[in-house]
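All values below were derived from every heavy atom in this structure, side-chain atoms included, with hydrogens, water molecules and symmetry-related copies excluded.
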Amino acid sequence: QDAGGALESARRLGALPANRAQAERLRTGSALVEAECLNGKDRIGGADSLYRAALSLASPRGFRRVESGCLAGLGRIEEKRQRFKEAASHYEQALSLAQAMGSKEDAAVLLNNLGQVEVNAGALDDAAARFTQCEVTAEACGLKWILGYISYGRGAIAEAKGDKEGALK
């Protein structure tokens, strides 16, 4: 089989992108994955650059899932930097995209992230409302693992309000 035939076979099997749009989506998604890896290793500068590069490619092309992932990643970076207003802004944008795509799972995670940021920023009533929204959304899509994070957030609110007994519930 010649090289052209091998490439066509690989495309048919899904191993290679069939067209330019698929190649761009693959490249953009790969940048997001690499940014997530760097962020997980606390290599924040490199992750920040990659999230922003992927975001600049994803947004104009309508790659909403990648765009949402980049925004959520930037939110996590800003949260690590303790820049809670900026983190909340990124999470809010990602939440809007998740809701527009109908992704309740992503929305639940982002609502929890927003609640945690609001706890850290001292906006305890706002955080409590976010955790309630998160719980309702998580229950609607069966996302049980996040319930522990919600409990943790509610405990942090109780502790911040001086309710040590409530914090242990």
Side-chain angles (χ1 to χ4, degrees), residues 21-22 24-42 44 47-161 166-167 169:
Q22 286 181 352
E24 288 176 348
R25 186 180 302 269
L26 182 62
R27 188 176 73 227
T28 305
S30 295
L32 171 60
V33 169
E34 188 176 351
E36 294 283 85
C37 291
L38 291 174
N39 196 1
K41 293 182 176 195
D42 288 329
I44 293 173
D48 187 294
S49 296
L50 275 171
Y51 282 131
R52 291 180 192 284
L55 184 61
S56 72
L57 292 170
S59 294
R61 289 169 176 81
F63 301 160
R64 295 187 306 172
R65 185 161 304 280
V66 173
E67 183 179 1
S68 179
C70 290
L71 289 164
L74 288 168
R76 288 190 300 279
I77 286 175
E78 295 302 347
E79 197 171 352
K80 288 177 182 180
R81 291 175 173 158
Q82 297 189 352
R83 293 169 36 177
F84 302 123
K85 184 177 179 180
E86 292 84 352
S89 175
H90 289 303
Y91 287 147
E92 287 282 1
Q93 292 173 65
L95 176 61
S96 292
L97 285 168
Q99 290 170 329
M101 291 184 293
S103 178
K104 290 183 181 181
E105 294 87 357
D106 289 346
V109 170
L110 291 160
L111 287 164
N112 178 68
N113 291 357
L114 281 161
Q116 299 296 342
V117 165
E118 288 162 341
V119 167
N120 289 328
L124 303 180
D125 292 337
D126 292 338
R130 293 286 189 184
F131 292 132
T132 298
Q133 289 177 301
C134 178
E135 184 174 35
V136 168
T137 304
E139 287 175 354
C141 64
L143 196 65
K144 295 181 187 267
W145 65 264
I146 204 162
L147 300 177
Y149 288 97
I150 295 168
S151 293
Y152 174 84
R154 288 178 171 154
I157 291 170
E159 183 178 23
K161 290 182 174 183
K169 289 185 183 178

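- Rounding to the nearest 0.5 Å places CD of Gln99 at 10.0 Å from OG of Ser68.
- For the pair Glu78 and Arg81, the salt-bridge criterion is met [side-chain N within less than 4.0 Å of a carboxylate O].
- In this structure, the side chains of Ser30 and Leu26 come closer than 4.5 Å at one or more pairs of heavy atoms.
- Taking SG from Cys134 and CG from Leu147, the interatomic distance works out to 8.0 Å, rounded to the nearest 0.5 Å.
- Taken from CG in Asn120 to CZ in Arg83, the straight-line distance is 15.0 Å, to the nearest 0.5 Å.
- Contact of the Glu24 side chain with the Leu57 side chain is not registered, since no non-hydrogen atoms from C-beta on lie closer than 4.5 Å.
- Nearest heavy-atom pair, Cys70 versus Tyr51, reported as atom, atom and distance to 0.1 Å: SG-O, 3.6 Å.
- Pairing each heavy atom of Gly115 with each of Ala127, the nearest pair is O-CB, 3.4 Å.
- In this structure, the side chains of Ser103 and Arg65 come closer than 4.5 Å at one or more pairs of heavy atoms.
- The CG atom of Leu71 sits 9.5 Å away from the CZ atom of Arg52 when rounded to the nearest 0.5 Å.
- In summary, Arg130 and Asp125 do not engage in a salt bridge, as defined by a charged side-chain N under 4.0 Å from a carboxylate O.
- You'll find the side chain of Lys161 reaches within 4.5 Å of the side chain of Leu124, heavy atoms only.
- Atom CD of Glu139 has more than 12 neighbouring heavy atoms from other residues, nucleotides or ligands inside a 6.0 Å radius.
- Leu74 places a side-chain heavy atom less than 4.5 Å from the side chain of Leu55.
- The side-chain heavy atoms of Asn39 and Lys80, taken from C-beta on, include a pair separated by under 4.5 Å.
- A donor-acceptor contact shorter than 3.5 Å is absent between the side chain of Ser59 and the backbone of Ser56.
- Distance check, rounded to the nearest 0.5 Å: OG1 of Thr137 to NZ of Lys104 gives 8.0 Å.
- A salt bridge does not link Arg76 to Asp48: none of the charged nitrogens lies less than 4.0 Å from a carboxylate oxygen.
- A side-chain contact (heavy atoms from CB on, under 4.5 Å) with Val109 is found for one member of Tyr149, Tyr91, Trp145 and no other, namely Trp145.
- Using a 4.5 Å cut-off on side-chain heavy atoms (C-beta onward), Gln116 and Glu79 make contact.
- Here the shortest heavy-atom pairing between Ile146 and Ala138 reads CG2-CB, 3.5 Å.
- Between Arg154 and Glu135 there is a salt bridge, since a side-chain N of the basic residue sits under 4.0 Å from a carboxylate O of the acidic one.
- The nearest pair of heavy atoms linking Leu110 to Ala98 is CD1-CB, 4.1 Å.
- Side chains of Val119 and Phe131 form a contact here, defined as non-hydrogen atoms less than 4.5 Å apart.
- Across every non-hydrogen atom of Ala87 and Gly75, the tightest pair is CB-O, 3.4 Å.
- Considering CG of Leu111 and CG of Leu95, their distance stands at 5.0 Å, rounded to 0.5 Å.
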